[in-house]
Amino acid sequence: MSPIELNKRQDAILQIVKENGPITGEQIAERLGLTRATLRPDLAILTMAGFLDARPRVGYFYAGKKSAVSITESMMNLKVKDFQAVPVVVSENMTVYDAICHMFLEDVGTLFVVDKNAYLQGVLSRKDLLRSSIGTQDLNKIPVHIIMTRMPNIAYCLKTDSLILAAKKLIDRQIDSMPVVNETEHGLEIVGRLTKTNITRAFISLADTHDL
Ligand code: ADP
């Protein structure tokens, strides 16, 4: 069991909550001159490590120091929603040529493909696009739905899923990213994107608590 040590920002958050709690994440961010999004991993770590408690619509309050939380236990408490990225979606009728441009412009490695109702239909990776560019086909004439990996074979996760289990899914399926979705009776609504980069960032944030 390695006890959790806090970095300077986490210490500052803890101090603010001790003095002002209950206090919302937004208010803590304001006091530190940071955005709520920047603080999200720190708040997640402080909460899972037992330093803070969070109540919906009330905010964070100090829960007392329980420092003997193991790294394993900490990792099991990390959630997809605290580390996910913004999804980049394209229409199933977009041409392969435009999808390639879009991937460069948006600077992502995977595009999610949606139907006209914005429900998830497919995934386009860099290699999917590269593969279709070998040969003599006119990329302006091929819609992406011809070459994408399609439902129901898409691996996805939910905001509330454990990050470690989502990471395992990426490794087991040998893919770089997954859509984060809301399951509705009509289809899957895309609310985020979880990539290997996000997992790496989570890994660093755990090390961060040891002030590396
Ligand atoms: P790349 O092909 O650029 O190395 P990936 O490893 O992510 O990127 O993709 C490998 C293959 O798996 C591609 O054909 C892609 O369409 C497919 N793929 C990518 N993400 C998913 C996913 N979440 N669910 C199902 N298939 C996926």
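In this chain, numbering begins with 1 at the start of the sequence shown. Note that ligands are numbered from 1 as they come in the structure, with each ligand's atoms numbered from 1 the same way.
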>> Take a 6.0 Å sphere around CG of D172 and say whether it holds more than 12 heavy atoms from other residues, nucleotides or ligands.
In response: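 Yes, the 6.0 Å shell around CG holds more than 12 heavy atoms from other groups.
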> Are there more than 12 heavy atoms of other residues, nucleotides or ligands under 6.0 Å from atom NZ of K18?
Replying inline: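 Counting other residues, nucleotides and ligands, NZ of K18 exceeds 12 neighbours.
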> For ligand 1, what is the set of protein residues having any non-hydrogen atom at a distance below 4.0 Å?
Replying inline: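 Close residues (ligand 1, cut-off 4.0 Å): V123, S125, R126, K127, D128, T149, N153, I154, A155, R173, Q174, I175, D176, S177, M178, P179.
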> Taking atom OG of S177 and atom NZ of K196, what is their separation to the nearest 0.5 Å?
Replying inline: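 One finds 9.5 Å between OG of S177 and NZ of K196.
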>> Pairing donors with acceptors under 3.5 angstrom, does anything connect the side chains of T197 and T200?
In response: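 No, because no side-chain N or O of T197 sits under 3.5 Å from a partner of the opposite role on T200.
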>> Let's go through L129 and M103 carefully: what are the C-alpha distance in whole Å and the side-chain angles of both, what is the deciding distance for side chain to side chain contact (heavy atoms under 4.5 Å, CB included) to 0.1 Å, and is it a yes or a no?
In response: CA-CA 10 Å; L129 294 171; M103 187 174 267; 3.7 Å; yes
>> Tell me every residue that passes side chain to side chain donor-acceptor pair (under 3.5 Å) with D115, counting only those two or more places apart in sequence or in another chain.
In response: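 Testing D115 for side chain to side chain donor-acceptor pair (under 3.5 Å), a comparison that skips the adjacent residues, returns Q121.
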